[in-house]
Engineer: 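Just dropping this structure here.
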Amino acid sequence: SPEEVLKNIKVVFVIGGPGSGKGTQCERIVAKYGFTHLSTGDLLRAEVASGSARGKELTAIMEKGELVPLDTVLQLLKESMLAKAADSKGFLIDGYPREMEQGTRFENEVTPCQFALYFEVSDMTMTKRLMGRAETSGRVDDNEDTIKKRLKTFHDITTPVVDYYEKQGKLKKVSAEAGPAEVFTQVEGIFDEMLK
Ligand code: B4P
């Protein structure tokens, strides 16, 4: 069954505020360690681009800096994992879980994560990076107003997720204030240790 296929697959969650560098570091992790990268933000933007009715609702939520309903995200994630499971060494799930129930549902219905990688950065740095990206990204959520709301969503709703994995001893924290290469040095230390 589809569920069986995913039971034994290796999963690493990637958590961090908006603009913390999740997507940027995931590209480097894929290049070096050969994981399959799935960004829930990318999956949602692809759904929007498809022009579906569901996509139109998503744009409105993302423009407000709020979280898309759990069932929508989990469904997209499962479909995408199943499509790629056969030739995957493991999945990097980027931008997920963002609320407690996303984590517990995933771990009950798919598989427990090996560890959660957390990029810690100040709000000031995140805002600066996202305002920089706003100049070229064309993303509906890269503007000053929405960035403020995304930061609030992160602090209010995602912080408990970070605390939860920390208590479980599964949180691997990286200070992500520095440039991409320096941040990646810390990430390499964690992956080399965890994949030994
Ligand atoms: P995401 O697509 O996850 O957007 P993000 O948090 O901004 O992260 P991203 O990966 O794009 O940026 P990065 O930090 O790499 O989410 C967007 C929206 O989708 C959410 O607000 C929500 O509405 C919805 N959503 C997504 N997942 C969901 C879920 N699980 N449940 C519910 N809703 C969900 O990079 C940002 C910028 O910084 C880039 O320009 C980059 O070049 C730069 N940068 C990165 N690292 C740097 C460094 N070390 N130094 C300098 N610049 C750096």
Side-chain angles (χ1 to χ4, degrees), residues 11 13-30 37-49 54-78 80-81 91-107 110 113 116-162 174-188:
V11 165
F13 289 146
V14 183
I15 309 174
S20 59
K22 302 181 295 286
T24 305
Q25 293 299 317
C26 282
E27 273 180 39
R28 290 175 181 244
I29 296 167
V30 168
H37 178 207
L38 288 181
S39 151
T40 49
D42 288 348
L43 291 175
L44 293 167
R45 283 183 287 276
E47 185 69 26
V48 169
R54 183 161 73 172
K56 293 211 176 73
E57 288 168 34
L58 297 181
T59 307
I61 297 169
M62 290 162 90
E63 264 177 337
K64 285 191 271 182
E66 292 172 2
L67 297 182
V68 162
L70 158 68
D71 285 301
T72 306
V73 183
L74 188 55
Q75 191 54 36
L76 285 172
L77 202 49
K78 281 184 183 171
S80 191
M81 287 181 78
F91 287 94
L92 267 184
I93 312 222
D94 168 7
Y96 188 101
R98 267 178 153 89
E99 58 177 332
M100 279 303 296
E101 206 186 340
Q102 288 188 4
T104 48
R105 288 258 325 257
F106 184 99
E107 294 195 300
V110 186
C113 73
L117 186 64
Y118 171 49
F119 293 108
E120 193 171 45
V121 211
S122 67
D123 284 12
M124 209 179 74
T125 300
M126 290 192 266
T127 304
K128 216 188 295 164
R129 288 179 188 167
L130 293 174
M131 289 307 289
R133 187 172 69 186
E135 286 165 23
T136 55
S137 73
R139 271 173 56 166
V140 297
D141 57 350
D142 282 347
N143 62 76
E144 207 170 347
D145 237 31
T146 306
I147 292 167
K148 273 194 198 125
K149 291 176 186 151
R150 287 159 72 193
L151 285 169
K152 180 166 167 41
T153 300
F154 173 71
H155 290 299
D156 292 349
I157 307 177
T158 310
T159 301
V161 179
V162 174
V174 167
S175 164
E177 288 290 335
E182 222 174 292
V183 174
F184 191 61
T185 304
Q186 294 177 63
V187 171
E188 283 176 306

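Counting starts at 1 for both ligands and their atoms, following the listed order.
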Engineer: So which protein heavy atom does atom 27 (N) of ligand 1 come closest to, and at what separation?
Structural biologist: T40 OG1, 2.7 Å
Engineer: When you check the side-chain N and O atoms of E177 and S122, is any donor under 3.5 Å from an acceptor?
Structural biologist: yes
Engineer: Under a 3.5 Å threshold, yes or no: a donor from one side chain and an acceptor from the other, between H37 and D42?
Structural biologist: no
Engineer: Any N or O on G65 sitting closer than 3.5 Å to an N or O of ligand 1?
Structural biologist: no
Engineer: How many angstroms lie between atom CG of N143 and atom CD of E63, to the nearest 0.5 angstrom?
Structural biologist: 8.0 Å
Engineer: Which atoms from ligand 1 have a heavy atom of Y96 less than 4.0 Å away?
Structural biologist: 30 (N)
Engineer: Please report which non-hydrogen protein atom sits nearest to atom 14 (O) of ligand 1, along with the residue it belongs to and the distance in Å to one decimal place.
Structural biologist: G21 N, 2.6 Å
Engineer: Hey, looking at atom 19 (O) of ligand 1, which of K149, E27, M62 has the closest heavy atom?
Structural biologist: M62
Engineer: Determine whether more than 12 heavy atoms belonging to other residues, nucleotides or ligands lie under 6.0 Å from atom CD of E188.
Structural biologist: yes
Engineer: For atom 7 (O) of ligand 1, what is the closest protein heavy atom, and at what distance to 0.1 Å?
Structural biologist: R150 NH2, 2.6 Å
Engineer: Quick check for you: to the nearest 0.5 Å, what is the distance between T127 atom OG1 and E144 atom CD?
Structural biologist: 8.5 Å
Engineer: Is it true that R150 and D142 make a salt bridge, defined as a side-chain N closer than 4.0 Å to a carboxylate O?
Structural biologist: yes
Engineer: For ligand 1, which atoms, with element, lie under 4.0 Å from some heavy atom of R45?
Structural biologist: 2 (O), 17 (C)
Engineer: Looking at A178, which atoms of ligand 1 are within less than 4.0 Å of one of its heavy atoms?
Structural biologist: 48 (C), 49 (N), 50 (N)
Engineer: What are the two closest non-hydrogen atoms of D94 and G23, and how far apart are they?
Structural biologist: OD2-CA, 3.5 Å
Engineer: Show the numbers, then the answer: is there a side-chain contact (heavy atoms from CB on, under 4.5 Å) between I93 and M81?
Structural biologist: CA-CA 10 Å; I93 312 222; M81 287 181 78; 3.9 Å; yes
Engineer: Considering only heavy atoms of K22, which atoms of ligand 1 have at least one such atom less than 4.0 Å away?
Structural biologist: 5 (P), 6 (O), 8 (O), 13 (P), 14 (O), 15 (O)
Engineer: Determine, using heavy atoms of L44 and all atoms of ligand 1, whether some pair is separated by less than 4.0 Å.
Structural biologist: yes
Engineer: Non-hydrogen atoms of P180 versus ligand 1: any pair closer than 4.0 Å?
Structural biologist: yes
Engineer: For ligand 1, indicate whether the residue Q102 contacts it via side chain, backbone, both or neither (heavy-atom separation under 4.0 Å).
Structural biologist: side chain
Engineer: Within a distance under 4.0 Å of any heavy atom of S20, pick out the atoms of ligand 1 and give their elements.
Structural biologist: 14 (O)
Engineer: Below 4.0 Å, non-hydrogen atoms only: which portion of E177 touches ligand 1? Side chain, backbone, both or neither.
Structural biologist: neither
Engineer: Examine Q25 against ligand 1 and note whether any of their N/O atoms are separated by less than 3.5 Å.
Structural biologist: no
Engineer: Considering only heavy atoms from C-beta outward, does the side chain of S137 approach that of L130 to under 4.5 Å?
Structural biologist: no
Engineer: Can you tell me which residue and heavy atom of the protein come closest to atom 39 (C) of ligand 1, and the distance to 0.1 Å?
Structural biologist: R133 CD, 3.8 Å
Engineer: Would you check, one step at a time, whether the test side-chain contact (heavy atoms from CB on, under 4.5 Å) holds for T40 with V68?
Structural biologist: CA-CA 10 Å; T40 49; V68 162; over 6 Å; no
Engineer: Search all heavy atoms of L43 against all heavy atoms of S80 and return the closest pair with its distance.
Structural biologist: CD2-OG, 3.8 Å
Engineer: In the protein, which heavy atom is nearest to atom 32 (C) of ligand 1, and how far is it?
Structural biologist: V68 N, 3.3 Å
Engineer: Can you tell me how far apart CG (L77) and OG1 (T72) are? Round to the nearest 0.5 Å.
Structural biologist: 12.0 Å
Engineer: Is the ring pair F13/F106 parallel, tilted or perpendicular, if the boundaries are 30 and 60 degrees?
Structural biologist: perpendicular
Engineer: So, does M126 sit close enough to ligand 1 that a heavy atom of it is under 4.0 Å from the ligand?
Structural biologist: no
Engineer: Side chain or backbone of D141 under 4.0 Å from ligand 1, or both, or neither, by non-hydrogen atoms?
Structural biologist: side chain
Engineer: Out of E66, E135, R129, whose heavy atom sits nearest atom 37 (C) of ligand 1?
Structural biologist: R129
Engineer: So which protein heavy atom does atom 20 (C) of ligand 1 come closest to, and at what separation?
Structural biologist: R98 NH2, 3.8 Å
Engineer: To check your reading of the model: name the closest protein heavy atom to atom 42 (O) of ligand 1, its residue, and the distance in Å.
Structural biologist: T24 OG1, 4.1 Å
Engineer: Tell me, with the steps shown, if L38 and Y96 meet side-chain contact (heavy atoms from CB on, under 4.5 Å).
Structural biologist: CA-CA 9 Å; L38 288 181; Y96 188 101; over 6 Å; no
Engineer: Quick one: pull up CZ in F184 and OG1 in T24 and give me the separation to the nearest 0.5 Å.
Structural biologist: 12.0 Å
Engineer: Provide the number and element of each atom of ligand 1 under 4.0 Å from a heavy atom of G179.
Structural biologist: 49 (N), 50 (N)
Engineer: Purely on distance, is any nitrogen or oxygen of R139 under 3.5 Å from one on ligand 1?
Structural biologist: yes
Engineer: Just which atoms of ligand 1 are under 4.0 Å from any heavy atom in G23?
Structural biologist: 10 (O), 15 (O)
